[in-house]
Amino acid sequence: RVRVRGLNIHRPIIYGNIATVLTPKAREALAATLPDHTHTWTVAVRGAASASDQDTVGGADDLSHFIKRVTFKLHDTYPIPSRNVDKPPFEITETGWGEFEIQIRITFVPDAGEKPITLYHHLKLHPWTATGDPEIPPLDVAIKAGPVHSWQYDELVFSDPFQTFLATLTTH
Ligand code: SLL
């Protein structure tokens, strides 16, 4: 296994969440089992390639050629809080009532010879208010504000990559 010394190869990603207030119908459906749930949300890791690249099937947004698994560790109030996703889209959709820190562990393909990395994302459900008021806005205010997005940009850096792994990265 030959390493290409002195080379850093970067892959841009975004990770974070979108959250929306449950519709009255969705709340009704959950009323018997999870009456306190107010929001639906999706936490995800995605490639941050340009929009035009993302239109290409299997193009630059496909992280699966170097990511083997993403493990999302949710709050302990969730059944089976540790959730593995082994193929794109690397995301989990859930419902809930509260914000918490999500641990996102990225495991790379064996060929990469890279240790897993861990990212942290604060699940955001409630919209920012103009006043910066820390109070949770009432649901009718949140509905008017629309979906909440909270995303962070990062770059995965592979240093001195194995030759075969470099070939995998650069041919995708
Ligand atoms: C808080 N520290 O108190 C946080 C905890 C936990 C969120 C938030 C539902 C889990 C379930 C859920 O939204 N948990 O019952 O399925 O705000």
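Quantities reported herein were computed from a predicted structural model and do not represent experimental measurements. Just so you know, ligand 1 is whichever comes first in the structure, and atom 1 is the first atom listed for that ligand.
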Atom 10 (C) of ligand 1 sits nearest the protein heavy atom T77 OG1, 3.4 Å
Note: ligand 1 atoms sitting under 4.0 Å from heavy atoms of E99 are 4 (C), 5 (C), 8 (C), 17 (O)
Where is the nearest protein heavy atom to atom 13 (O) of ligand 1: which residue, which atom, and how far? W97 N, 2.7 Å
What distance do E94 atom CD and L123 atom CG have between them, rounded to the nearest 0.5 Å? 10.5 Å
Please identify which of these residues, R69, K115, E114, K68, meets the side chain to side chain contact (heavy atoms under 4.5 Å, CB included) condition with F108. E114
Polar-atom distance check: F100 versus ligand 1, any N or O pair below 3.5 Å? no
Going by an N to O cut-off under 4.0 Å, is there a salt bridge joining D62 and K87? no
Only residue of T38, L139, L30 satisfying side chain to side chain contact (heavy atoms under 4.5 Å, CB included) with L22 is L30
Pairwise side-chain hydrogen bond (donor to acceptor under 3.5 Å, both in side chains) hits with a residue in residues 100-110, at least two apart: none
So is H37 in contact with ligand 1, going by heavy-atom distances below 4.0 Å? yes
Under a 4.0 angstrom heavy-atom cut-off, which atoms of ligand 1 come close to H75? 5 (C), 6 (C)
Between T95 and ligand 1, does any nitrogen or oxygen pair lie at a separation below 3.5 Å? no
Going by the side-chain hydrogen bond (donor to acceptor under 3.5 Å, both in side chains) test, which pairs reach into residues 118-127, not counting sequence neighbours? N17-H121, E99-H122, H121-Q152
